[in-house]
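To keep things clear, I will list the structure first and then write my remarks on it.
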Amino acid sequence: MPKTAALVLAAGKGTRMHSDNPKVLQTLLGEYMLTYVLAALRPHFGEDIWIVAGHQARMLESAFPRGRFVFQAEQLGTGHALRQALPALAEAGCRHILVVNGDTPLLDAQVTQTFLEKAGEADLAFAVLELADPASYGRVMRESGKVRAVVEAKDCDPLTLKLNHEVNAGMYLLSLHLAETLSPRINRANKSGEYYITDLVALAVAGGYEARAVECGREESLLGVNSPPELSRMEEILRERVAERLLQSGVLLHAPDQVRVSPFARIEPGAELTGPCEILGRSEVKSGARVASHCVVRDSVIDEGAELRHFSHLEGVRVGKGALVGPFARLRPGASLEANSRVGNFVELKNVRLGEGAKANHLTYLGDADVGAGANIGAGTITCNYDGQHKYRTSIGEKAFVGSNTALVAPVVVGANTLVGAGSVITGDVPEGEMAIARSRQKNLSRKKISSEY
Ligand code: UD1
Ligand code: CA
């Protein structure tokens, strides 16, 4: 089979989104629109996927550092975008190109596969849909049942717009030969003054090629996102699909219509989620773990039997077996909670290992620290990890007991089995087994004496 590559058109600004960002960097369930399109293409094409970037191309490159890009400096239309990519595709030895619009986040591998099978080795095939409300989609023009052309909605007469509901879905299979021969003939003689890739259909028919219209099932998979209402509609379709899949697989969902889980997250059967909540990125929630309402979890692993109580926010975190988090905890990247540890309300952790069974239950900030197993961090403890220029680590040994309202000025080591008196400002190491108090001694003075003095 000659090599087929995928080409994603993603250079447009997406004017109708009213955003400065490229449209394909809009997010659905916390993931870029383009991430979905690439995920649908990857099973078939592996690394043979090129992306046409243009508007804010640098942003696109930094969002997809492993992407293979071709550049369209001026966005003169989809036909122009295709032309920019042909030299790179020819050089890579591609014989066929699957072209898809980058604004189709519901695309899936199955639909792509079906399209490719039905398209066969045609020189030009394109996916079509029958839509109840075809809005701004390009219309498929036929004569005696045979495809003649695709005409953009803007360029259609009102009667065609009203009566013809067969639309171009924005997915094409082109032989490189056809693309190289015919794309230079696309002109800008249309209402938008753009080069339309869709003009290839009429050009192919005129040139004696077969232009094959391919129906490929699930309508919603090929819908494009052009406006905020369309974006939120697609996001809701995706959200519902994931929630349904989770329920069917044995995940317990309360208020399932308010549970927002990324399709790239893994939730094991036997986990329990209560909406509203968000589980985003490459998170994993293991069997028996519980996530209460108003939690937001991104790129984190929640082990078996761990519990996230209400309003906890986690990013880049590992929560060990049976650990308890929240309510109102904020766990930032690099926090790692070992089995049965506890983090309570208004506690923030960043880049911290909390040992097995250790506790920080109230009003605490621990940053760049290592906390030994069974240690107890009192309310109001702060690791002062930043001197305005550099960050330093704090080490707290096993079973240490840090009294309330303590400032630990890093770098500092609080040994195992130590006790730190409440209200201390600890600037020097505390040797193992010792007790440290670092605060001024209390004085009790007569009130009368004080008032006479002032
Ligand atoms: C396009 C099709 C239309 C089809 C619809 C399906 C054309 C001319 N029309 O219309 O027939 O029914 O998709 O969703 O192709 N892009 C570039 N460079 C450009 C312009 C656009 O890369 O110069 C990219 C955009 O980023 C987008 C894709 O091409 O991802 C499609 O462009 P868009 O403007 O959304 O086309 P539609 O008007 O939706
Ligand atoms: Ca579109």
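Position 1 is the first residue of the sequence; numbering continues from there. The structure presented is a predicted model; accordingly, all values stated were derived computationally and were not measured. Note that ligands are numbered from 1 as they come in the structure, with each ligand's atoms numbered from 1 the same way.
Those atoms of ligand 1 with a heavy atom of Gln75 less than 4.0 angstrom away are 23 (O). Taking every non-hydrogen atom of Gln72 and a distance limit under 4.0 Å, the qualifying atoms of ligand 1 come out as 17 (C), 18 (N), 19 (C), 22 (O), 23 (O). In summary, the atoms of ligand 1 found under 4.0 Å from a heavy atom of Gly138, numbered by their order in the structure, are 3 (C), 4 (C), 11 (O), 12 (O). Near Ile197, the atoms of ligand 1 lying under 4.0 angstrom from a non-hydrogen atom of the residue are 15 (O). Of all atoms in ligand 1, numbered sequentially from 1 with element shown, those under 4.0 Å from a heavy atom of Tyr137 are 6 (C), 12 (O), 14 (O).
For the Ca ion (ligand 2), the neighbouring protein N/O/S atoms at less than 3.0 Å, given as residue and atom, are Asp103 OD2, Asn226 OD1.
By the neighbour-count criterion of 12 heavy atoms within 6.0 Å, atom CD of Glu117 is densely surrounded, having more than that number from other residues, nucleotides or ligands. By the 6.0 Å contact criterion, NZ on Lys286 is enclosed, its count of non-hydrogen atoms from other residues, nucleotides or ligands being greater than 12. Counting heavy-atom neighbours within 6.0 Å of Glu215 CD, excluding the residue itself, gives a total of 12 or less.
Around atom 24 (C) of ligand 1, the closest heavy atom drawn from Leu9, Val24, Leu222, Leu76 belongs to Leu9.
For atom 1 (C) of ligand 1, the closest non-hydrogen atom on the protein side is Asn101 ND2, 3.8 Å. Scanning all protein heavy atoms for the shortest distance to atom 4 (C) of ligand 1 gives Asn168 O, 3.2 Å. In this structure, atom 35 (O) of ligand 1 lies nearest to the protein heavy atom Asp103 OD2, 3.1 Å. Protein heavy atom closest to atom 10 (O) of ligand 1, with residue, atom name and distance, is Glu152 OE1, 4.0 Å. Nearest protein neighbour of atom 39 (O) of ligand 1, counting heavy atoms only, is Asn226 OD1, 3.5 Å. For atom 7 (C) of ligand 1, the nearest non-hydrogen atom of the protein is Thr78 OG1, 3.4 Å. Distance from atom 26 (O) of ligand 1 to its nearest protein heavy atom, with residue and atom name: Gly12 N, 2.9 Å. In terms of protein heavy-atom proximity, atom 38 (O) of ligand 1 is closest to Arg16 NH2, 3.5 Å.
Considering both main-chain and side-chain atoms, Gly102 comes within under 3.5 Å of ligand 1 through a nitrogen or oxygen pair. Of the polar atoms of Ala11, at least one N or O is found under 3.5 Å from an N or O of ligand 1, judged by distance alone. Considering backbone and side-chain atoms together, Gly170 places no N or O closer than 3.5 Å to any N or O of ligand 1. Considering backbone and side-chain atoms alike, Gly224 places every N or O at 3.5 Å or more from each N or O of ligand 1.
Using a 4.0 Å cut-off between a side-chain N of Lys or Arg and a carboxylate O of Asp or Glu, Glu230 and Arg16 do not qualify as a salt bridge. Salt bridge annotation for Arg282-Asp299: absent, with no cationic side-chain nitrogen under 4.0 angstrom from a carboxylate oxygen. We find that Glu236 and Arg239 are joined by a salt bridge, their nearest charged nitrogen and carboxylate oxygen being less than 4.0 Å apart. Salt bridge status for Arg309 with Glu307: present, with a side-chain N to carboxylate O gap under 4.0 Å. With respect to Glu194 and Arg188, no salt bridge is recorded, no charged nitrogen being found less than 4.0 Å from a carboxylate O. Salt-bridge annotation for Arg68 and Glu47: absent, with no side-chain N of the basic residue lying under 4.0 Å from a carboxylate O of the acidic one. Ion pairing between Glu220 and Arg241 holds under the 4.0 Å rule for side-chain N and carboxylate O.
Among Val8, Leu174, Ile49, Thr112, the one residue that satisfies the side chain to side chain contact (heavy atoms under 4.5 Å, CB included) test with Leu98 is Thr112.
Protein heavy atoms are found less than 4.0 angstrom from atom 16 (N) of ligand 1.
Contact between Gly77 and ligand 1 is present, with at least one heavy atom of the residue lying under 4.0 Å from the ligand. Residue contact check for ligand 1: Ala169 places a non-hydrogen atom closer than 4.0 Å to it.
Checked against a 6.0 Å centroid threshold, the rings of Phe264 and Tyr36 count as neighbours.
Phe69 meets the ring-ring contact (aromatic ring centres under 6.0 Å, His included) test with no other residue; sequence neighbours excluded. By the side-chain contact (heavy atoms from CB on, under 4.5 Å) test, Glu152 is found to be paired with Val150, Asp155, Tyr196, Thr198, residues two or more places apart in sequence or in another chain being considered.
Within the 4.0 Å heavy-atom criterion, the part of Lys23 lying near ligand 1 is the side chain and not the backbone.
Summarising the geometry of Leu29 relative to Pro263, their closest heavy-atom pair is CD1-CD, 4.0 Å, with the distance given to 0.1 Å. Nearest heavy-atom pair across Ala153 and Ala135 is CB-O, 3.9 Å.
The side chain to side chain donor-acceptor pair (under 3.5 Å) analysis of residues 123-141, with sequence neighbours excluded, yields the pairs Asp123-Ser175.
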